[in-house]
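Report on one structure; see the data block that follows.
Below, each value reflects all heavy atoms present in this structure, side chains not excepted, and no hydrogens, waters or symmetry copies. Whatever order the structure lists them in is the order used to number ligands and atoms, beginning at 1. Count residues from 1 along the sequence.
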Amino acid sequence: MTKQKKLFEDWAESYDKFVLENQHSFPFKGYSELIDEIIKTIEPNSTILDLGIGTGYVALNLQDKLNCKINGIDLSEKMVQIAKNRIRDSIIVPTDFNNYQSFDWTIFPSETNYILGTYFFHHFTDDKKVEIIEFLFDKFGKGTKILIGDIGFLNSTLMTEKKEELKSEWDETEYYFDLSTFSKKLEIKSYAIKSKIISEYCVLMEIKHQ
Ligand SMILES: C[S@@+](CC[C@H](N)C(=O)[O-])C[C@H]1O[C@@H](n2cnc3c(N)ncnc32)[C@H](O)[C@@H]1O
């Protein structure tokens with residue numbers, strides 16, 4: 001088992017409690033506000049594919065409040081089991097997203113309205129994130145919308161300031177969003193991006209194919 005997988009397997013049982021208790025500090029500051037904003041963004045009765053679905057806490061909110069149908073993937077088998085117990089009529093499978101090119105995405109409905117990733121995309125470099133976004137539009141079509149809620153900052157100056165403030169809390173192995181730089185990378189590819197600052201450390205992005 002990889003170190004990354006073990007981390008999430010060990011965290012699965014206590015994850016919800018940890019996040020809710022730590023939602024006023026780094027890295028989860030704004031977690032509940034992020035969910036509220038996602039609820040305002042997504043159309044009721046949508047079909048969603050949740051990447052890195054975790055325990056399904058975010059998905060459960062979308063199921064209960066918007067009657068959405070949610071499918072998902074996650075690296076951790078324990079996370080997947082917890083999510084499956086919560087989300088009805090779902091396809092939720094354990095898989096390492098690093099193998100996304102060889103994964104059989106046809107198990108999910110092609111008419112997926114939203115692809116969601118909350119606190120998931122920061123595991124990938126910016127270039128990889130763009131490559132993944134291109135891949136997802138290719139697989140699920142131009143009509144799908146990609147929603148990313150994650151650790152991020154308005155621009156590189158703010159990001160550096162926060163990094164200095166947070167010192168050892170900042171995880172050097174993760175790739176947080178600098179909205180200004182990331183938006184430019186997407187605009188070059190002709191994707192439309194709408195973004196919102198949710199908290200000191202959290203941003204929400206809605207990415208559309210034009
Ligand atoms: C911080 S949690 C976020 C969970 C959930 N989306 C949320 O917002 O609460 C990150 C999740 O991504 C999953 N994950 C991390 N790396 C992954 C990978 N390479 N492939 C699939 N899932 C991964 C972890 O197992 C974990 O459940």
*Amino acids in close contact with ligand 1, where any non-hydrogen atom sits under 4.0 angstrom away*: Q4, F8, Y15, Y31, G52, I53, G54, V58, I73, D74, L75, S76, M79, T95, D96, F97, N98, T118, Y119, F120, H123
*Partners of E37 by salt bridge (Lys or Arg N to Asp or Glu O under 4.0 Å), sequence neighbours excluded?*
K40, K196
_Does anything in residues 68-99 form a ring-ring contact (aromatic ring centres under 6.0 Å, His included)? List the pairs, not counting sequence neighbours._
F97-Y100, F97-W105, F97-F120, F97-F124
*Could you tell me whether a side-chain N or O of Y119 sits under 3.5 Å from a main-chain N or O of G52, the two making a donor and an acceptor?*
no
_Face-on cation placement of K129 at F177 ring, 6.0 Å and 45° thresholds_ = yes
Tell me which donor-acceptor pairs under 3.5 Å the side chains of residues 60-74 have, and how far apart each pair is, sequence neighbours excluded?
from : atom 1 : to  : atom 2 : distance (Å)
N61  : OD1    : K65 : NZ     : 2.8
N61  : ND2    : Y57 : O      : 3.0
Q63  : OE1    : R88 : N      : 2.9
Q63  : NE2    : R86 : O      : 3.2
N67  : ND2    : N45 : OD1    : 2.8
K69  : NZ     : D89 : O      : 2.3
N71  : OD1    : I91 : N      : 2.8
D74  : OD1    : S76 : N      : 2.9
D74  : OD2    : I53 : N      : 3.3
D74  : OD2    : G54 : N      : 2.8

*Look at the rings of W170 and F26 and say which category their plane angle falls in: under 30° parallel, 30 to 60° tilted, over 60° perpendicular.*
parallel
